[in-house]
Amino acid sequence: QVQLVESGGGLVQAGGSLRLSCAASGSVFTINVMGWYRQAPGKQRELVATITRGGNANYADSMKGRFTISRENAKNTVYLQMNSLKPDDTAVYYCKAERGSLSPSWGQGTQVTVSS
């Protein structure tokens, strides 16, 4: 089993920045792709970004150019640097770890609130 713990969320003004962290523990050798998702009140959970073990990143179009996903395998940690934040970025941000044929693991989420 893999456990994921997100941190770094909070309240920020529009145009500001936050850096989210997701620390994995447990059977970390089973993890391949990791990613960030978000869910705003009344909306479906949506993809933010993914990153492979080798560092290849993929972003949703609305985040491209503002958000950067990175990964530090030695620390079993994935990051999301968020710049130029907008009020519609307000959501709970969740970390996900893909595990091949095994069930993926999800973190509990961290709240990001962007004020205008």
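Since we're looking at a predicted model, the values are computed, not measured.
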Do NZ/NE/NH1/NH2 and the carboxylate oxygens of Asp61 and Lys64 come within less than 4.0 Å? yes

Which atom of [X] lies closest to which atom of [Y], heavy atoms considered:
| X | Y | value |
| --- | --- | --- |
| Ala40 | Ala91 | N-CB, 3.8 Å |
| Ser84 | Ser17 | N-OG, 4.4 Å |
| Arg38 | Asp88 | NH2-O, 4.1 Å |
| Leu4 | Ala24 | CD2-CB, 3.5 Å |
| Ala60 | Leu47 | CB-O, 3.5 Å |

Taking a hydrophobic cluster as the set of Ile, Leu, Val, Met, Phe, Trp and Tyr residues connected by side-chain heavy atoms closer than 4.5 Å, whether directly or through intermediates, do [X] and [Y] fall within one such cluster?
| X | Y | answer |
| --- | --- | --- |
| Val33 | Tyr59 | no |
| Leu20 | Val92 | no |
| Tyr93 | Val5 | no |

Hits for salt bridge (Lys or Arg N to Asp or Glu O under 4.0 Å) against Arg19, two or more places apart or cross-chain, chain-then-number order -> none

Donor-acceptor check, side chain of Gln13 to backbone of Ser115, threshold 3.5 angstrom: yes or no? no

Could you check whether any side-chain N or O of Arg99 sits under 3.5 Å from a backbone N or O of Thr30, counting only pairs where one atom can act as donor and the other as acceptor? no

Reported [atom1]-to-[atom2] distance for the pair [X] and [Y], which is rounded to 0.5 angstrom:
| X | Y | atom1 | atom2 | value |
| --- | --- | --- | --- | --- |
| Leu80 | Tyr37 | CG | OH | 12.5 Å |
| Ser21 | Lys75 | OG | NZ | 11.0 Å |
| Gln1 | Ser25 | CD | OG | 9.0 Å |

Tell me, do [X] and [Y] make a side-chain contact under 4.5 Å, heavy atoms counted?
| X | Y | answer |
| --- | --- | --- |
| Leu85 | Phe67 | yes |
| Thr50 | Ile69 | no |
| Val48 | Met82 | no |
| Met63 | Trp36 | no |
| Gln39 | Tyr94 | yes |
| Val114 | Leu18 | no |

For residues 101-111, which residue pairs qualify under side chain to side chain donor-acceptor pair (under 3.5 Å), counting only residues two or more places apart or in two chains? Gln111-Thr113

Could you go step by step and tell me if Glu72 and Tyr79 meet the side chain to side chain donor-acceptor pair (under 3.5 Å) rule? CA-CA 8 Å; Glu72 191 169 355; Tyr79 306 94; 3.2 Å; yes

Among residues two or more places apart or on two chains, list those pairs meeting disulfide (SG to SG under 2.5 Å) that have a residue in residues 13-110. Cys22-Cys95

Determine whether Arg53 and Ile31 satisfy the following criterion, side-chain contact (heavy atoms from CB on, under 4.5 Å), listing intermediate values before the conclusion. CA-CA 8 Å; Arg53 181 174 291 273; Ile31 300 173; 4.2 Å; yes

